[in-house]
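Side-chain atoms are counted along with the backbone in the values below, which use heavy atoms only and exclude waters and symmetry mates. Quantities reported herein were computed from a predicted structural model and do not represent experimental measurements.
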Amino acid sequence: LPLPSGLAATRLWWTSAGLVVEANIQATPGTPVAARSMTTVLVLVRPTGRPEELLRFTTGPVATPIARATPMAPAEPAPATP
């Protein structure tokens, strides 16, 4: 499959116009995992073999499952009204 370098195919669809490939752009070596964003492209590969980018979108950096919130003290109960 003739894809531009740096792309990793994740899904494929056959259409009447050709093959549509969903691919992720590989992060540059040395980029910290927490700073990487995920860029996805949709590429149409026509029967002539020339790829054409249809759509590109980016999501934010990879999230960490570690919570860093400070625990809150319990609220003081409100005084009773007579």
Test log, rule side chain to side chain contact (heavy atoms under 4.5 Å, CB included), inputs I25 and V41: CA-CA 7 Å; I25 296 177; V41 294; 4.0 Å; yes
Value for CG (L42) from CG (L54), rounded to nearest 0.5 Å, stands at 6.5 Å
To the nearest 0.5 angstrom, please state how far the CH2 atom of W14 sits from the CG atom of L19. 4.5 Å
Nearest heavy atoms of A17 and P47, plus distance in Å: O-CD, 3.5 Å
Strictly distance-based, threshold 3.5 Å: is any side-chain N or O of T10 a donor or acceptor partner for the main-chain N or O of E22? yes
Name of the residue among T15, L55, V45 meeting side-chain contact (heavy atoms from CB on, under 4.5 Å) with V20: T15
Return the OG1 to CZ distance between T40 and R56, rounded to the nearest 0.5 Å. 10.0 Å
